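What follows is a set of notes on a single structure, which appears directly below.
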Amino acid sequence: MPQDKICKTVRQVNKEPVSEEDMKRLVEIAEDFRSVKNYVYQRYGGIRSLSKIYPGYTVQNEMTAGGLRTQLGMPSVYFYLAVFDALGDIKSQWTRTKSEVSLRLLRNQGFGEADRHYLRFLLKVSNAFSQVLNGEPVELKKELQAQYGRLAECVDAGRLNRWLCRQVRRCHARLHTDSASGFSLTERAYRYGDHGIYVSAKEKRRRIFIQLTDNNQYNRQLYMKLNPEEGSIEIRVPVDVGIRSHKDYDRPVGIALGMHTMLTTHTGSCYGEDFGRYQLEYAGWLRAQAAGYRRSRADNPGRKKYHAKKRRLEERLHSYINQELNRFFREERPQTVYLAKLPKPRAGGGNKEINHSVSMWQRGYIRRRLAQKCMEESVEMAEVLGKGISSGCSRCGGTGIKKDGMFSCPVCGYSEIEKVNTACNAKKRGQEGLYSTAYADHKEICPDKSRQQEKARILPQGLGSFP
């Protein structure tokens with residue numbers, strides 16, 4: 001994709017409720033889509049099939065010969081898309097497994113440098129990794145084989161291979177999905193027309209017509225999410241949009257995220273001051289509904305109203321977040337945004353209500369939307385080291401005291417709002433080059449790249465893409 005464009009998701013919804021008969025046909029396609037994916041997960045998700053999933057044509061041929069498509073009566077435009085969707089999930093699962101094994105390797109103090117080098121080679125070279133897990137002799141291309149031989153001579157290869165197999169057994173799990181809430185569509189499975197979209201059904205030469213609220217037309221892979229209870233659908237479309245450039249965006253801005261005020265800058269400007277109220281209302285309502293549902297589960301006729309109100313509260317909260325982020329960019333005009341690398345959520349204290357509110361904090365959504373908007377506005381987003389960032393004094397660097405939302409430094413006497421001090425520290429650390437590990441690695445990899453190219457590598461990829 002050109003570097004002056006990014007991918008974001010647009011949504012199309014139905015104008016009129018989908019008839020019960022048509023929704024039944026759509027749900028049947030989604031059920032078959034799920035069945036195919038689960039079949040692929042079960043058959044090709046283990047170590048025996050590692051050699052087949054790259055690039056995946058072996059799996060496609062075996063699935064064609066297996067007769068599952070004929071058994072389900074499923075059109076090929078859906079069947080093969082489900083197969084390759086499942087293969088993509090399996091590859092992602094193996095990537096997560098390798099990442100977890102790499103972390104365990106890093107934490108293991110019993111390995112020497114030669115041991116680590118050997119195991120990293122196996123994790124990096126897919127064929128070697130597959131052969132070791134399956135107990136086969138390692139046979140690679142000439143150059144890789146020579147490199148493997150040199151590494152294996154310096155270590156106890158049998159012991160390290162057994163360790164790798166044990167860790168993979170502990171970390172890797174075969175995938176399974178119970179969700180049949182939607183399915184993907186290729187260009188051959190739909191066409192736009194008559195202010196709506198025609199979707200291929202399981203019956204030959206039969207299409208399901210859904211009238212849409214807009215007349216936009218796309219020619220790419222779509223994802224259709226179903227809501228049978230309300231007779232509605234949502235089409236998610238990944239589109240490429242141009243990146244906007246602003247000559248007056250020339251300020252470095254440090255920010256701090258919070259649960260009550262969404263975002264505070266190093267100059268003391270606040271954005272999303274009502275965020276805490278929306279957040280507490282959303283979390284409190286969910287907690288009350290969960291308690292009531294447990295008490296009367298046997299007599300509860302359904303969750304239609306619950307899901308409808310939950311969706312309304314989420315949409316209101318997300319709309320407010322996006323509105324305030326847009327205001328932040330308009331008023332601050334940042335060239336670079338510095339923020340602390342957020343730690344993983346931890347177990348709470350004794351107050352269950354506070355624990356529940358913290359667990360419902362939309363910080364992941366805020367972080368994703370901030371990253372997306374930074375890409376759209378040609379703004380660099382840099383995550384800095386977060387350890388001790390709220391307790392350190394932004395003026396002298398000493399350790400201060402936090403109380404009632406205020407920060408005071410006993411060393412130099414500096415006093416400021418806690419979030420403002422944190423934002424000042426984020427800006428200071430960013431300008432001093434104290435970045436988080438991921439950001440620092442990318443800075444080292446591409447020091448001679450332009451700012452726009454570097455930003456594209458640093459920021460998370462795939463934001464806005466559909467499931």
Side-chain angles (χ1 to χ4, degrees), residues 1-8 240-258 261-273 275 321-342 363-386 389-390 392 394-395 416-417 419-464:
M1 185 175 62
Q3 294 184 0
D4 60 344
K5 292 183 178 292
I6 60 171
C7 180
K8 66 180 296 183
D240 298 338
V241 296
I243 295 176
R244 294 182 285 271
S245 179
H246 307 273
K247 293 182 179 179
D248 58 338
Y249 279 33
D250 55 2
R251 302 172 54 193
V253 179
I255 64 172
L257 303 182
T261 299
M262 183 183 76
L263 187 152
T264 306
T265 70
H266 70 281
T267 59
S269 300
C270 296
Y271 299 90
E273 293 175 292
F275 174 70
I321 291 172
N322 285 288
Q323 172 188 331
E324 290 300 299
L325 287 178
N326 290 336
R327 187 166 71 90
F328 163 74
F329 282 98
R330 282 197 313 269
E331 297 182 4
E332 296 296 328
R333 301 189 302 277
Q335 180 184 31
T336 306
V337 175
Y338 298 106
L339 75 159
K341 174 72 173 178
L342 297 176
R363 67 177 189 172
Y365 180 80
I366 297 172
R367 167 66 173 74
R368 291 193 300 273
R369 295 306 300 159
L370 179 61
Q372 177 74 20
K373 291 180 184 295
C374 279
M375 288 191 288
E376 293 176 4
E377 304 294 340
S378 298
V379 175
E380 182 177 1
M381 187 176 115
E383 288 190 323
V384 302
L385 292 173
I389 197 168
S390 62
S394 59
R395 177 179 293 176
E416 184 55 272
I417 297 174
K419 291 297 181 183
V420 174
N421 178 70
T422 302
C424 289
N425 279 330
K427 179 186 175 185
K428 184 178 179 181
R429 291 186 180 188
Q431 293 179 328
E432 292 175 353
L434 300 177
Y435 301 117
S436 66
T437 304
Y439 187 92
D441 288 345
H442 282 289
K443 292 281 281 187
E444 184 177 352
I445 290 171
C446 51
D448 59 338
K449 298 288 184 182
S450 67
R451 174 172 166 270
Q452 184 62 38
Q453 290 173 323
E454 182 182 329
K455 176 173 69 64
R457 293 174 64 95
I458 293 166
L459 290 174
Q461 301 296 314
L463 290 171

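Values in this document were obtained by computation on a predicted structure and should not be read as measured data.
- Side-chain contact between Met381 and Leu339 is present, with heavy atoms from C-beta onward closer than 4.5 Å.
- In this structure, the separation between SG on Cys374 and CD1 on Ile243 is 11.5 Å, given to the nearest 0.5 Å.
- Across all their heavy atoms, Ala340 and Gly386 have their closest contact at CB-CA, 4.1 Å.
- Of all heavy-atom pairs spanning Pro252 and Tyr338, the tightest one is CB-CE1, 3.9 Å.
- Residues that satisfy the salt bridge (charged side-chain N to carboxylate O under 4.0 Å, His left out) test with Glu377, not counting sequence neighbours, are Arg244.
- Residues forming a salt bridge (charged side-chain N to carboxylate O under 4.0 Å, His left out) with Glu331 (at least two apart in sequence, or on another chain): Arg327.
- Arg395 is linked by a salt bridge (charged side-chain N to carboxylate O under 4.0 Å, His left out) to nothing, counting only residues two or more places apart in sequence or in another chain.
- A heavy-atom distance below 4.5 Å is found between the side chains of Leu325 and Met262.
- Rounded to the nearest 0.5 Å, atoms OG (Ser269) and CD1 (Ile255) are 12.0 Å apart.
- Considering every non-hydrogen atom in both Cys270 and Thr261, the closest pair reads CB-CG2, 3.8 Å.
- Not a single donor-acceptor pair under 3.5 Å links the side chain of Asn421 to the backbone N or O of Glu416.
- Looking only at side-chain heavy atoms (C-beta outward), Ile6 and Gln372 come within less than 4.5 Å of each other.
- Contact annotation: the side chain of Thr264 never approaches that of Ile417 to less than 4.5 Å [non-hydrogen atoms, C-beta and beyond].
- Val253 places none of its side-chain heavy atoms less than 4.5 Å from the side chain of Phe329.
- Not counting sequence neighbours, Gln323 has no partner by the side-chain contact (heavy atoms from CB on, under 4.5 Å) test.
- Legend: residues meeting ring-ring contact (aromatic ring centres under 6.0 Å, His included) with Tyr271, ordered by chain and number and at least two apart, are Phe328.
- Contact annotation: the side chain of Asn322 approaches that of Lys373 to within less than 4.5 Å [non-hydrogen atoms, C-beta and beyond].
- Between atom CZ of residue Arg333 and atom OH of residue Tyr249 there is a gap of 8.0 Å, rounded to the nearest 0.5 Å.
- Residue pairs that meet the salt bridge (charged side-chain N to carboxylate O under 4.0 Å, His left out) test with at least one member in residues 247-257, sequence neighbours left out, are Arg251-Glu332.
- The closest donor-acceptor contact from the side chain of Lys419 to the backbone of Leu263 lies at 3.5 Å or more, if one exists at all.
- Among the candidates Arg369, Lys5, Lys8, the single residue satisfying the salt bridge (Lys or Arg N to Asp or Glu O under 4.0 Å) test with Glu376 is Lys8.
- Closest approach of Asn425 to Gly392, counting heavy atoms only: ND2-O, 2.8 Å.
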